[in-house]
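We number each residue from 1, following the sequence as shown. First listed ligand is number 1; within each ligand, the first listed atom is number 1. It should be emphasised that the depicted structure is a prediction, and the values quoted were computed from it without experimental measurement.
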Amino acid sequence: MNSLQTSSAPSVAVSDGPRHLAEHTTARVGGPAGDWIVAETEGQALEVLAAHPLPDDETRAAGEDSLLVLGGGSNLLVADAGFGGTVLQLAFEGIAEETDGTSSDDAGSRLVRIAAGHRWDDVVAWTVRHRLAGLEALSGIPGAAGATPVQNVGAYGAEIAQTLVDLRAWDREAGELVTLDAEALAFGYRESVLKRTTLHGSPRYVVLSLRLRLAHDGEDTLSAPIRYAELARTLGLDPALEEERRRAPLDQVREQVLALRAGKGMVLDADDHDTWSTGSFFTNPIVPADMAAGLPEEAPRFPLDDWRVKLSAAWLIDHAGCGRGFGAELTDGRASLSTKHTLAITNRGPAGTGDLLAVAGAVREKVHARFGLDLHPEPVIIGAEVAAPGSR
Ligand SMILES: Cc1cc2nc3c(=O)[nH]c(=O)nc-3n(C[C@H](O)[C@H](O)[C@H](O)COP(=O)(O)OP(=O)(O)OC[C@H]3O[C@@H](n4cnc5c(N)ncnc54)[C@H](O)[C@@H]3O)c2cc1C
């Protein structure tokens, strides 16, 4: 490691030789980066960010921002040709309880600040150990804490929006530190202001730390209400119980979620190619109710309001003729849908980004041909894209 010589101290470590995104993404694909900077402290990150203001919209739309912010690389696909600019890897860690001058302790909750680079699943394990409730159903999600509000990570009936109070971020447009609360972040399904202001992987806001409010009721603190039927069943909870009372011991919830996820290839395991992915590749489509009414009766659907229905992308993919393992024939076996779950596109060996995107394009095409619906990729894709239906 050398030192980056900039006019303002402190200096930041920058890597010697080229580093490849494939070594830092869970799908293990992506070419080399121009420069690679690992920020071990928030101060180091701020130094780099101040030197990379937000480019104009035209530059961003062309995918030519010179900065790529990296957490754990679990929701990111970069082209095989690589990224010519600077990768800023946020590696600063830390979890600390805070007070905000209110009587939150007495009210049965705790305020916790988490540094952006802290490994997310270590955060969840820490909260379970400290008998703090609210994150347990988010066990096993890869990546770093700072990325969790970007797409409002969610699983098994929980999402980060349920506990996030506010976050500290660097606003690259204004060139200043800002605090954004949950309301300002305008969370939706896999959505937030952070994501909506990111263009081709170029973020306006870079998250430095989060504050969460977590429930605490002493040693016997129970989980947040279990909203996901499959999880409630495995925990032995009576489905007839009203939701507020559907709670279980924190460590049992964590254990069951990890087991359910492992069965679907959704917990990272270096020996299991089904986990060499970005998790779910497509978001669940949200469509007008009348459009959903035209689908086969057995298609799972979750009404959101009077007008909109959320569909299951996994079901649509499966019933469009793309079963588990689909796509191997398109890539000489290098990439395919997971053999455990139709929503993950996996690297079976020496795959490149192009292989994963070829499978994604074929899936998108088939779902469109069968159901007339266009699936949208969940991961951030830089320097490449998934072919739109009808374009192949
Ligand atoms: C096996 C597997 C299972 C998964 N399961 C789930 C799941 O159940 N639910 C779910 O929601 N997701 C899931 N994911 C997706 C992914 O883990 C999450 O989206 C995660 O929060 C991404 O974190 P990361 O640090 O790896 O982000 P990265 O991949 O490093 O970055 C993703 C995007 O966020 C931006 N970004 C990263 N950090 C910051 C920051 N501090 N400030 C601003 N922008 C930032 C990056 O620039 C990039 O655009 C899964 C992925 C895998 C591989």
Side-chain angles (χ1 to χ4, degrees), residues 21 24-30 39 42 45 49 63 65 67-78 83 85 87-92 114-121 123-124 137-161 167-172 180 185 187 189-195 197-210 228 257-258 260-262 264-270 272-284 338 340-341 343-347 356 377-382:
L21 271 306
H24 296 273
T25 53
T26 52
R28 305 183 188 217
V29 294
E42 191 181 287
L49 290 168
D65 191 349
L67 186 73
L68 169 57
V69 175
L70 181 71
S74 62
N75 210 26
L76 185 66
L77 289 174
V78 176
F83 174 74
V87 172
L88 172 61
Q89 192 177 356
L90 303 181
F92 43 95
I114 303 153
H118 212 104
R119 191 174 165 269
W120 176 251
D121 197 46
V123 173
V124 179
L138 299 176
S139 292
I141 298 179
T148 56
V150 174
Q151 70 153 5
N152 184 17
V153 294
Y156 295 95
E159 51 186 27
I160 189 71
L167 55 80
R168 238 165 74 89
W170 177 257
D171 178 351
R172 295 176 68 214
L180 301 174
L185 289 163
F187 287 118
Y189 164 65
R190 298 295 174 273
E191 272 289 2
S192 72
V193 157
L194 305 171
K195 189 161 172 185
T197 51
T198 296
L199 256 187
H200 293 280
S202 158
R204 170 173 171 183
Y205 298 103
V206 178
V207 179
L208 300 167
S209 66
L210 327 171
Y228 200 82
V257 167
L258 287 173
L260 286 170
R261 293 182 66 95
K264 297 171 185 170
M266 289 293 177
V267 179
L268 294 183
D269 174 355
D272 182 356
H273 281 268
D274 280 333
T275 74
W276 293 28
S277 75
T278 53
S280 303
F281 194 93
F282 294 105
T283 52
N284 290 320
S338 159
K340 300 186 181 74
H341 202 289
L343 208 40
I345 299 182
T346 60
N347 178 345
L356 266 59
E378 183 182 303
V380 174
I381 303 173
I382 294 178

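Of the possible donor and acceptor atoms, none in the side chain of T278 sits under 3.5 Å from a partner among the backbone N and O of F281.
To the nearest 0.5 Å, atoms CG (N284) and CZ (R190) are separated by 8.0 Å. Remark: N347 CG to T275 OG1 distance equals 10.0 Å, nearest 0.5 Å.
A salt bridge does not link D121 with R261: every distance from a Lys NZ or Arg NE/NH1/NH2 to an Asp or Glu carboxylate oxygen is 4.0 Å or more.
Residues L356 and A27 share a closest heavy-atom pair of CD2-CB, 3.9 Å.
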Open item on the list: Is there a side-chain contact (heavy atoms from CB on, under 4.5 Å) between S280 and H341? Walk through the geometry before answering.
Closed with: CA-CA 9 Å; S280 303; H341 202 289; 5.7 Å; no
Less than 3.5 Å apart, N/O on ligand 1 and N/O on the protein: could you list those pairs with the distances?
unit_1   : atom_1 : unit_2 : atom_2 : d
ligand 1 : 5 (N)  : R261   : NH2    : 2.8
ligand 1 : 8 (O)  : R261   : NH1    : 2.9
ligand 1 : 8 (O)  : R261   : NH2    : 3.4
ligand 1 : 9 (N)  : G154   : O      : 2.8
ligand 1 : 11 (O) : Q151   : NE2    : 3.2
ligand 1 : 11 (O) : G154   : N      : 3.1
ligand 1 : 12 (N) : Q151   : NE2    : 3.3
ligand 1 : 17 (O) : S74    : OG     : 2.8
ligand 1 : 17 (O) : P142   : O      : 3.1
ligand 1 : 19 (O) : N75    : ND2    : 3.4
ligand 1 : 19 (O) : Q151   : NE2    : 2.9
ligand 1 : 25 (O) : G72    : N      : 2.7
ligand 1 : 25 (O) : A144   : N      : 2.8
ligand 1 : 26 (O) : G72    : N      : 3.2
ligand 1 : 26 (O) : G73    : N      : 3.0
ligand 1 : 26 (O) : S74    : N      : 2.8
ligand 1 : 26 (O) : S74    : OG     : 2.6
ligand 1 : 29 (O) : G73    : N      : 3.4
ligand 1 : 29 (O) : S74    : N      : 3.0
ligand 1 : 29 (O) : N75    : N      : 2.8
ligand 1 : 30 (O) : G71    : N      : 2.8
ligand 1 : 30 (O) : G72    : N      : 3.4
ligand 1 : 30 (O) : G73    : N      : 2.9
ligand 1 : 41 (N) : V207   : O      : 3.0
ligand 1 : 42 (N) : V207   : N      : 2.8
ligand 1 : 47 (O) : V69    : O      : 2.6

